[in-house]
Undergrad: 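The structure is given below, and queries will be raised subsequently.
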Amino acid sequence: MTEDFVTNEISKNSKKLRIVFMGTPEFAVPALKKLIEKYDVVAVLTKEPKPVGRKMILTKSPVHIVAEENNIPVLTPKSFKDPLNITNIQMYHPDMIVVCAYGLIIPEKILLEPKYGCINIHASILPKYRGANPIQRAVLNGDRMAGITIMSMDKGLDTGPMLLKEAIPVPQNMTYGELEQELSIIGSNLIVNYIDNRDNILPQHQTNEFTLAPKLEKGEEKINWQNTATNIHNLVRALNPRPYATFEHNGNTIKLIKSEVVNEQTDKPTGTVLNNKLDIACGKGTILRILSVQKSGGKIIDTKSFLNGYKIEIGEILK
RNA sequence: CGCGGGAUAGAGCAGUCUGGUAGCUCGCAAGGCUCAUAACCUUGAGGUCAGUGGUUCAAAUCCACUUCCCGCAA
């Protein structure tokens with residue numbers, strides 16, 4: 001009924017709902033594209049262009065670029081402390097605001113603005129993993145399942161009522177980057193699914209059994225060979241494609257790009273290099289195989305190539 | 001002008017400081033050996049030493065500039 005009304009009012013094109021989209025990284029791009037296809041995305045908010053790389057080139061966010069390609073107005077407020085930034089959003093009269101990995105806390109005044117609410121695409125099965133880094137945490141913890149929750153935002157951090165969920169299995173060797181890519185597609189489908197069926201969806205309140213997914217701290221990327229092979233493998237996966245897990249050897253920092261758990265046991269001390277396939281003894285007698293690495297200043301290479309030009313002796317003990 | 005590393009055979013590297021025959025570990029090709037292997041033996045092909053200019057009897061190597069690649073930091 002509501003849709004009919006809107007359709008009649010804007011009968012010139014099939015786009016109906018007026019949406020303001022807020023998002024920043026690649027993860028948000030599939031959702032934005034889907035929304036542009038089906039609805040009327042009247043404005044996009046994203047983080048301001050940042051200097052990036054060795055040459056400090058000002059780089060627009062992936063969302064920023066897609067928005068411009070579609071001739072959608074882009075706003076890049078530094079924060080919402082300035083009331084003018086809030087007024088700017090109100091000017092677009094959004095029916096709904098869709099948020100996906102935006103990077104700024106959104107004040108309640110904006111959350112209450114659109115008549116169909118402020119909807120967030122969150123990359124976990126809430127209430128598990130509230131916070132900034134749910135995908136990485138899921139991989140790091142070796143979760144077998146991950147997913148997306150579409151939720152209605154309130155003033156808390158990922159605490160609002162849940163609207164739609166979808167979970168997928170996480171294969172044992174999937175990296176953070178691969179999982180993020182899959183989830184971003186699922187998120188884009190789910191948000192459209194929600195918008196089209198929103199009249200039939202009942203909000204569900206979150207239970208109190210929540211966990212948090214904080215950002216990774218500096219130092220967490222360093223490999224401790226005392227941990228089990230599975231734990232180290234999860235760290236390697238969770239930090240791929242950035243910033244990668246690392247270990248030290250003769251003063252060189254070596255990034256461990258890909259690994260796998262070897263289904264055998266060893267009685268050698270932890271850190272021992274077991275053979276020329278770079279199987280390493282880890283905690284509790286478990287074994288981790290190093291598949292590809294990167295030296296600083298070098299490219300990502302497989303273990304065999306690496307050993308052709310870099311000496312690691314069998315029997316050496318890595319710290 | 002944020003800090004740093006690099007470009008040498010298909011891959012990964014040494015050689016550069018101290019100029020003087022283009023090397024190593026692999027891969028590839030051919031042959032041999034083995035019950036067998038990311039095993040071993042023999043032989044072979046494969047290079048504009050990133051580019052341009054300079055110094056020199058002589059430059060991968062020293063000097064200047066250019067292009068491209070990568071790590072850190074944000």
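Sequence lines set the chain letters: A, B, ... in the order given, protein chains first and strands last, and positions in each chain run from 1. Since the model is a prediction, treat every value here as computed from it, not as a measurement. Computed from heavy atoms alone, side chains included, the values below leave out hydrogens, waters and symmetry copies.
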Undergrad: Let's test this: given Watson-Crick or G-U wobble pairing with both distances under 3.5 Å, identify the partner of A64(B).
TA: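 Per the H-bond distance test, U52(B).
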Undergrad: For nucleotides C62(B) and G15(B), find the distance between their P atoms and express it as a whole number of Å.
TA: 12 Å
Undergrad: Taking atom C1' in both A9(B) and C35(B), what distance in whole Å separates the two?
TA: 37 Å
Undergrad: Counting only Watson-Crick or G-U wobble pairs whose two distances fall under 3.5 Å, which nucleotide matches A14(B)?
TA: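 Base partner found: none.
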Undergrad: What is the separation between atom CZ on Arg289(A) and atom P on A38(B), rounded to the nearest whole Å?
TA: 11 Å
Undergrad: Specify the separation, in whole Å, of atom CD1 of Ile254(A) and atom P of C70(B).
TA: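 It works out to 20 Å between those atoms.
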Undergrad: When rounded to the nearest Å, what value does the distance between P atoms of U37(B) and G27(B) take?
TA: 14 Å
Undergrad: If you only use heavy atoms from C-beta on, which nucleotide in A73(B), G27(B), G71(B) is closest to the side chain of Gln294(A)?
TA: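 So the side chain of Gln294(A) is nearest to G71(B).
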Undergrad: Taking atom C1' in both C28(B) and A73(B), compute the distance separating them and give it to the nearest angstrom.
TA: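 Pairwise C1' distance, C28(B) against A73(B), rounds to 42 Å.
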Undergrad: Just wondering, do Tyr244(A) and Leu256(A) contact through their side chains at under 4.5 Å, heavy atoms?
TA: no
Undergrad: Considering only side-chain heavy atoms of Ser305(A), which listed nucleotide, A11(B), G71(B), C69(B), is closest?
TA: A11(B)
Undergrad: Please give the nucleotide sitting opposite A58(B) as a Watson-Crick or G-U wobble pair, both distances under 3.5 Å, or none.
TA: none
Undergrad: How far does the C1' atom of U8(B) sit from the matching atom of G23(B), given to the nearest Å?
TA: 10 Å
Undergrad: How long is the line joining CZ of Phe306(A) and P of A38(B), in whole Å?
TA: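 Interatomic distance, CZ of Phe306(A) to P of A38(B): 22 Å.
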Undergrad: Here's a test of your reading of the structure: between Tyr310(A) and Lys277(A), which maps to the more 5' nucleotide of RNA chain B?
TA: Tyr310(A)
Undergrad: Expressed as a whole number of angstroms, how long is the span from Asn276(A):CG to G12(B):C1'?
TA: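 Atom CG in Asn276(A) sits about 15 Å away from atom C1' in G12(B).
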Undergrad: When you measure from the side chain of Val52(A), which nucleotide among A74(B), G71(B), A11(B) comes out closest?
TA: A74(B)
Undergrad: How far does the C1' atom of G19(B) sit from the matching atom of A38(B), given to the nearest Å?
TA: 40 Å
Undergrad: Could you state the atom-to-atom distance from NZ of Lys299(A) to C1' of C70(B) in whole Å?
TA: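 Rounding to the nearest Å, NZ of Lys299(A) and C1' of C70(B) are 8 Å apart.
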Undergrad: If pairing requires Watson-Crick or G-U wobble contacts with both distances under 3.5 Å, which nucleotide is the partner of G47(B)?
TA: none
Undergrad: Please give, in whole Å, the distance from C24(B) C1' to Leu307(A) CG?
TA: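 Answer to the nearest Å: 15 Å.
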Undergrad: For the P atoms, the ones on G53(B) and on G71(B), what distance do you get once it is rounded to whole angstrom?
TA: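 My reading of the P atoms in G53(B) and G71(B) gives 32 Å.
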Undergrad: So His122(A) and Pro134(A), do their side chains get closer than 4.5 Å, heavy atoms only?
TA: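 Sidechains of His122(A) and Pro134(A): in contact.
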Undergrad: Counting any heavy atom closer than 4.0 Å, what does Lys255(A) reach on the DNA or RNA strands: base, sugar-phosphate only, or nothing?
TA: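 If one applies the 4.0 Å heavy-atom cut-off, Lys255(A) turns out to touch the sugar-phosphate alone, with no base involved.
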Undergrad: Tell me which nucleotide, if any, is Watson-Crick or G-U wobble paired with G31(B) when both distances must be under 3.5 Å.
TA: C41(B)
Undergrad: Suppose you measure atom C1' in C3(B) against the same atom in G46(B); what distance do you get, rounded to whole Å?
TA: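 C3(B) and G46(B) have their C1' atoms separated by 39 Å.
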Undergrad: Expressed in angstrom and rounded to an integer, what is the separation of Lys295(A) atom NZ from G71(B) atom C1'?
TA: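 So the NZ-C1' distance, Lys295(A) to G71(B), works out to 12 Å.
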Undergrad: Please determine, for C72(B), whether a Watson-Crick or G-U wobble partner exists with both distances under 3.5 Å, and give it or none.
TA: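 Pairing partner, where one exists within any strand: G2(B).
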Undergrad: If you draw the axis of the six-membered ring of Tyr129(A), does the NZ or CZ of Arg137(A) fall within 45° of it and under 6.0 Å from the ring centre?
TA: no
Undergrad: Under the 6.0 Å and 45° cation-pi test, does Arg18(A) pair with Tyr92(A)?
TA: no
Undergrad: Roughly how many Å is it from CG in Asn308(A) to P in U25(B), rounded to a whole number?
TA: 10 Å
Undergrad: Tell me whether the rings of Trp225(A) and Phe247(A) are parallel (<30°), tilted (30 to 60°) or perpendicular (>60°).
TA: perpendicular
Undergrad: Would you please indicate yes or no on a ring centroid separation below 6.0 angstrom for Tyr310(A) and His249(A)?
TA: yes
Undergrad: So does Ile105(A) have more than 12 non-hydrogen atoms from other groups sitting under 6.0 Å from CD1?
TA: no
